[in-house]
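Worksheet: one structure, shown below.
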Amino acid sequence: MRHTIAALVEDKPGVLARVAGLFRRRGFNIESLAVGVTEKEGISRMTIVVSGDDRTIEQVTKQLNKLIDVVKVSDVSANSVDRELALIKVSASPQNRAEIIEIANIFRARIVDVARDSMIIEVTGDEDKIGAFIDLMRQYGIKEVARTGKIAMQRGARSLE
Amino acid sequence: MRGADAIVKALEMEGVKHIFGIPGGAIIEVYDALFDSGIKHILTRHEQAAVHAADGYARATGRVGVAFATSGPGATNTVTGIATAYMDSSPVVVMTGQVARALIGNDAFQEADITGITMPVTKHNYLVTDESEIPRIVREAFHIAGTGRPGPVLIDLPKDVTTAEIEFDYPEKVNLPGYKPKYSGHPRQIKRAAELIMKAERPVILAGGGVILSNASEELTKLAESIPAYVATSLMGKGAISETHPLSLGFVGMHGAKYANYAVQESDLIIAVGIRFSDRTTGRVSDFAPDARIIQIDIDPAEIGKNVGVEIPIVGDAKLILGELIRHINYRRRKEWEERIEGWKRDYPLRFRDDGGLKPQYIIQKIWETQPDAIVTTEVGQNQMWAAQYFKVKRPRQFITSGGLGTMGFGFPAAMGVKTAFPEKQVVDIAGDGSFLMNIQELATCVDFGINVRVMVLNNMFLGMVRQWQELFYDERYSATCLKCKEMSFEKIAEGFGAVGMTVEKPSEVEDALKEAFEIDAPVVIDFRVDRLENVYPMVPAGAALHEIIDEEV
Ligand SMILES: Cc1ncc(C[n+]2csc(CCOP(=O)(O)OP(=O)(O)O)c2C)c(N)n1
Ligand SMILES: [Mg+2]
């Protein structure tokens with residue numbers, strides 16, 4: 001089972017190394033990891049996608065909580081909104097450019113750069129949507145993909161603090 | 001004042017009385033500040049030993065032990081010591097010198113990334129990048145090391161941080177939003193635990209090192225008496241209840257007594273207190289105590305259910321939780337269960353073959369008879385297991401051993417730390433010949449500082465525990481375990497360092513030698529030339545269940 005874990009961490013040097021080191025040492029597998037600052041000064045939020053049975057996930061959460069720089073840990077897999085952002089550079093000739101743009105529109109993706117025979121498309125959404133979009137782009141020739149890793153937030157009024 | 005002065009001042013504020021360490025270029029400024037301080041520095045002869053000494057000091061006193069080392073090799077030499085303290089949750093603060101901030105990352109002379117290296121073996125660590133943070137960081141380090149589930153904390157001090165000028169402002173409180181250990185147990189869980197205990201017909205208490213760390217042995221003993229229930233401990237839990245108490249089963253696991261292992265295996269309820277169910281304690285975990293429901297009390301939520309399934313978890317401090325739990329217990333004797341356990345105790349006592357040879361078990365019995373109140377440290381291997389079996393520990397913090405990491409070379413410097421804390425007490429390192437050699441240089445420290453520990457070398461001229469496995473499981477193929485050292489004399493080595501050495505070859509000499517050794521006003525090493533092929537029994541072979549314990553014919 002895959003789980004999405006959100007962690008609020010103190011913005012201190014080495015905190016990413018501590019979290020990454022913990023996963024490696026305890027044999028937990030990180031599928032994706034996204035880090036960014038929050039509305040609170042000095043606090044960052046990490047979103048970690050990890051796979052494992054319930055016992056593994058429980059250990060992940062508890063071990064993360066033990067890190068001094070980690071302030072709060074929560075499993076946000078259920079009842080949450082999750083998003084990823086991807087930049088995709090596809091080959092695009094004058095002949096198929098319109099077709100690509102049409103598909104991008106259906107996915108509410110945006111063209112952010114156009115060159116003579118390629119363009120960069122920005123797409124956001126959950127993993128499935130991005131996966132589906134990338135699949136559709138394959139036929140035109142994907143030159144490069146950059147993905148952010150998942151971020152997630154639980155629905156409703158409650159917040160992580 | 002200089003950063004270095006601030007460090008020493010902060011250590012004084014924390015009530016530090018002793019520091020173990022070795023100076024060097026990167027930490028020279030701190031040593032300069034230390035020169036004017038009332039804190040006593042003990043110059044060890046290896047940084048690993050400095051950390052083990054600080055660790056032994058901490059385990060014996062319950063206070064945070066402190067060690068210093070310089071950058072690079074000094075710092076890397078501390079790693080085994082730190083990992084040893086980490087595995088046994090011992091509160092130690094290690095301060096290392098570091099190259100100047102501008103040089104960090106340049107592979108400068110004697111630069112080592114010690115915060116990176118020790119990340120997985122410290123509870124927390126710091127690289128001080130701003131001298132004004134020294135007071136806060138020292139304050140936090142001591143707080144983190146000594147509270148909750150204790151553990152080692154390292155502070156890495158770039159040289160220019162120690163020379164810079166700062167205002168000294170020592171924070172009264174720590175502010176660590178990510179660190180809030182939970183002490184009191186959930187009242188409902190405690191009630192449920194009490195109900196389960198009262199229903200149980202075959203209860204056993206399993207006590208671990210957490211009971212010692214929490215200073216909860218009085219409460220634990222009271223709980224045992226008020227149920228009443230027998231108590232087995234882990235190796236780290238020795239002393240949680242006096243091993244002379246009628247309800248004590250000694251320690252359980254790979255080399256625990258048969259009756260302890262049988263009692264745990266046959267129990268219908270285990271009350272686990274501050275014990276982490278390591279593989280050495282549980283045997284094959286899938287067959288561990290198959291009928292038992294488990295109540296687990298631990299301050300570290302991550303230990304709950306980590307290795308075995310738990311029915312009632314209670315997170316918090318053992319002392320508080322046990323104090324509360326006792327109030328809900330009604331005394332009820334379980335005659336049938338008592339009789340079974342007493343029967344096992346009668347039928348399967350700890351024993352060894354008495355064939356006239358010099359037996360290590362006999363030596364430990366005699367040490368115990370001569371000095372039952374001594375604080376004992378051990379090395380690792382057969383010596384450790386015999387010490388655990390035959391030295392009947394009466395109080396917490398009396399038996400100090402490297403349980404989690406199993407570090408050869410721990411016992412002697414740890415004994416040095418213990419003796420520094422309690423100069424008036426007898427402190428004995430029960431050693432193996434192989435282990436003693438791993439930190440034997442500390443004889444110089446002992447002589448230098450008048451730290452009169454007694455090292456009892458059970459000299460079998462083997463890496464005995466490994467040899468035992470080779471005998472039992474590898475067709476006696478003794479690959480690299482024979483320490484052919486007949487010519488080597490620990491007596492002469494001790495004398496070479498200025499300590500007192502003795503050699504004992506016959507059982508009849510043991511008692512007199514011990515009596516003499518305990519009266520000498522100097523560090524003493526006794527080289528006991530024991531029966532070389534003696535094995536530790538009983539034994540649960542690796543991968544077997546606790547009840548599949550084997551014994552030898554005597
Ligand atoms: C630092 C270290 N290296 C290796 C080992 C593996 N090991 C475990 S017991 C043992 C033998 C110890 O020999 P000795 O100190 O003579 O004790 P004995 O078993 O003979 O009593 C060894 C090598 C260890 N535990 N620690
Ligand atoms: Mg030996």
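Each chain gets a letter, A, B and so on, in the order the sequences are listed, and its residues count up from 1. Values below: all heavy atoms of this structure, side chains included; hydrogens, waters and symmetry mates excluded. Remember, predicted model here, so these are calculated numbers, not experimental data.
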Side chain, backbone, both or neither: which part of A/R18 has a non-hydrogen atom closer than 4.5 Å to chain B? both
Check whether A/L67 gets within reach of chain B through its side chain, its backbone, both or neither, counting any heavy atom under 4.5 Å. backbone
Atom [atom1] of [X]: over 12 foreign heavy atoms under 6.0 Å:
| X | atom1 | value |
| --- | --- | --- |
| B/R280 | CZ | no |
| A/R110 | CZ | no |
| B/D107 | CG | no |
| A/R55 | CZ | yes |
| A/D53 | CG | yes |
| B/N106 | CG | yes |
| A/E39 | CD | yes |

Identify which part of B/D300 has an atom lying under 4.5 Å from any heavy atom of chain A, answering side chain, backbone, both or neither. side chain
Segment of B/L127 engaging chain A (4.5 angstrom heavy-atom cut-off): neither
What are the two closest heavy atoms between A/Q59 and B/A302, and how far apart are they? NE2-O, 2.7 Å
Minimum heavy-atom separation for B/P301 to A/K62, with atom names? O-NZ, 2.9 Å
Straight-line distance of [X] [atom1] to [Y] [atom2], nearest 0.5 Å:
| X | Y | atom1 | atom2 | answer |
| --- | --- | --- | --- | --- |
| B/E303 | A/K66 | CD | NZ | 6.0 Å |
| A/I68 | B/H143 | CD1 | NE2 | 8.5 Å |
| A/E58 | B/I304 | CD | CD1 | 9.5 Å |
| B/Y126 | A/K12 | OH | NZ | 6.5 Å |

So which residue, B/P120, B/G148, B/G305, B/P181, ends up with the most heavy-atom pairs under 4.5 Å with chain A? B/P120
